[in-house]
Protein chains: 2
Amino acid sequence: MLELAILGLLEDQELHGYEIRKRLRDELGVFSNVSFGSLYPALSRLERSGALEAVEETDRPAAPPVPMTGSLSGERAAMRAARTTSTRGRRGRKVYRITEEGRRQFTVLLDSDPGPDDARSFGLRLAFARYLPPQARLRLLERRRAQLAERLSETRAAARDAESRLDPYARSLVEHTTESTEQDISWLDRLIEAERARVPAAPASTRATGPAGAELTVSTVVREGEIR
Amino acid sequence: MLELAILGLLEDQELHGYEIRKRLRDELGVFSNVSFGSLYPALSRLERSGALEAVEETDRPAAPPVPMTGSLSGERAAMRAARTTSTRGRRGRKVYRITEEGRRQFTVLLDSDPGPDDARSFGLRLAFARYLPPQARLRLLERRRAQLAERLSETRAAARDAESRLDPYARSLVEHTTESTEQDISWLDRLIEAERARVPAAPASTRATGPAGAELTVSTVVREGEIR
DNA sequence: GTCATCATGTAAGCCGTTACATGATTGC
DNA sequence: GCAATCATGTAACGGCTTACATGATGAC
């Protein structure tokens, strides 16, 4: 999940760790305040797996790759020079760039079914939906809709059973959750409709017409970024 | 969190593990499908800490306390007898009962501030709100409201900055999330109002009148139980 | 000079998960 | 007899958190 988010951010531009954290918080809303304790190890993993390549930033933006020399003193000197000469001396920040392999991994991650989907992973995928081919985009939306619909009907069945012994607080909670889910579903319906209009040549897949049209009143929307 | 949920369920009645799992799923909605891998260890911990006491179920519901004798063979025999004689022979289920110490722990857990509150923990606490004294109930609601309000204004600020580079999908996501949060907040406002009406002798605390009245358009409701 | 912010990282731990192992009871 | 459900547990692992350690730079 975190790796998906990182790769997605780096699709657009190269960034260093600290900045990635900011974007995750402000841009994506998801992962409000990822901790460095999980961010930096994730970056290392991605680098080891060949999805990212890191460049010690020397001076100006878009500096030449500067392959690691192994000569520490040399690199220190370069850094010091950069510091004195230019815009603003920065500590050696590690700027990450996505590789072809990384792009491939991103596509795979983005399009894979996360099983019992939670809101966060859906929110994240939707935020990167522009990188998905139209049919995959539609599949993402429909999958989510189906899950919410199923949840909603289960919740309703359970609520019918337990309603009598529910106190006002629990009841209000259940009702509010149900309403929210319903709104999430109708939001998804709008997105799905818009998406179908954009791709009228939709190869009427069995999945799309089957369970999706069955019932209309399901829900539980995005609500990622809840953890803070 | 799990322990809070378990203690809350057992406030009402004694239950065995398998049944607790069901209730967690159907009644509370939270923890849809807690795994046994976390449920049973949690029960053991609670028992060790003295919050629960376990009785091997012998036969009829509401069997006499049957203090542990230490004589395994004796208990086994009782079980076997029960199996043959009565309603339906069951495997030796371990029925848990909350102790006074457990009730104390429950109260503490329920009323403690879970720091950066996530939706799940709020939902859970609200479901057990009947066990809270009125002022604590009000505090819970106001705390949650304040958190949502803060989140909302942060999201809005971030959205203003980043709006230009947001594609339609991300933008729709942000908008929908914002709306949901607003609705969550107004739901909370209704609950708070109702609560204040019930306790007109509210000792006008500084926390209540200060930040809570500042802005009206914040939100992000319950949405627990998302993980399934 | 010292404080806030930027910047990177490690270590330990929490809280949950899946997968595995076991076995009794009920219904077909 | 066999499968589904009830019932309890252990082991390994996952993904994130907090707390800690370190240090540069810029503003006051």
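Per chain, numbering begins at 1; letters A, B, ... match sequence-line order. Computed from heavy atoms alone, side chains included, the values below leave out hydrogens, waters and symmetry copies.
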Spacing of [X] atom [atom1] relative to [N] atom [atom2], expressed in whole Å:
X     : N      : atom1 : atom2 : answer
A:L4  : D:dG15 : CG    : C1'   : 15 Å
B:E19 : D:dT8  : CD    : C1'   : 15 Å
A:H16 : D:dA24 : NE2   : P     : 17 Å
A:Y40 : C:dA7  : OH    : P     : 8 Å
A:L24 : C:dA7  : CG    : P     : 16 Å
A:L46 : C:dG9  : CG    : P     : 13 Å
B:L15 : D:dC6  : CG    : P     : 15 Å
B:F36 : D:dG9  : CZ    : P     : 11 Å

**OP:** Give me the ring orientation class for B:F106 and B:F128: parallel if the planes are under 30° apart, tilted from 30 to 60°, perpendicular past 60°.
**Re:** perpendicular
Subject >> Any residue meeting side-chain hydrogen bond (donor to acceptor under 3.5 Å, both in side chains) with A:E175, in chain and number order, not counting sequence neighbours >> reply: none
Which atom pairs link the protein and nucleotides 14-16 of chain C when you take only N or O atoms and keep those under 3.5 Å?
none

Subject >> For A:Y169, ring pair (Phe, Tyr, Trp, His ring centres under 6.0 Å) partners two or more places apart >> reply: none
Subject >> Set of ring pair (Phe, Tyr, Trp, His ring centres under 6.0 Å) partners for B:F36, sequence neighbours left out >> reply: B:Y18, B:Y40
Subject >> Residue pairs involving residues 121-130 of chain B (criterion salt bridge (Lys or Arg N to Asp or Glu O under 4.0 Å); sequence neighbours excluded) >> reply: A:D167-B:R130, B:D12-B:R130
Original post:
For residues 28-49 of chain A, which residue pairs qualify under salt bridge (Lys or Arg N to Asp or Glu O under 4.0 Å), counting only residues two or more places apart or in two chains?
Top reply: A:E3-A:R45
**OP:** When you get a sec, tell me which of D:dT10, D:dA7, C:dA7 is the closest nucleotide to the side chain of B:P41?
**Re:** D:dT10
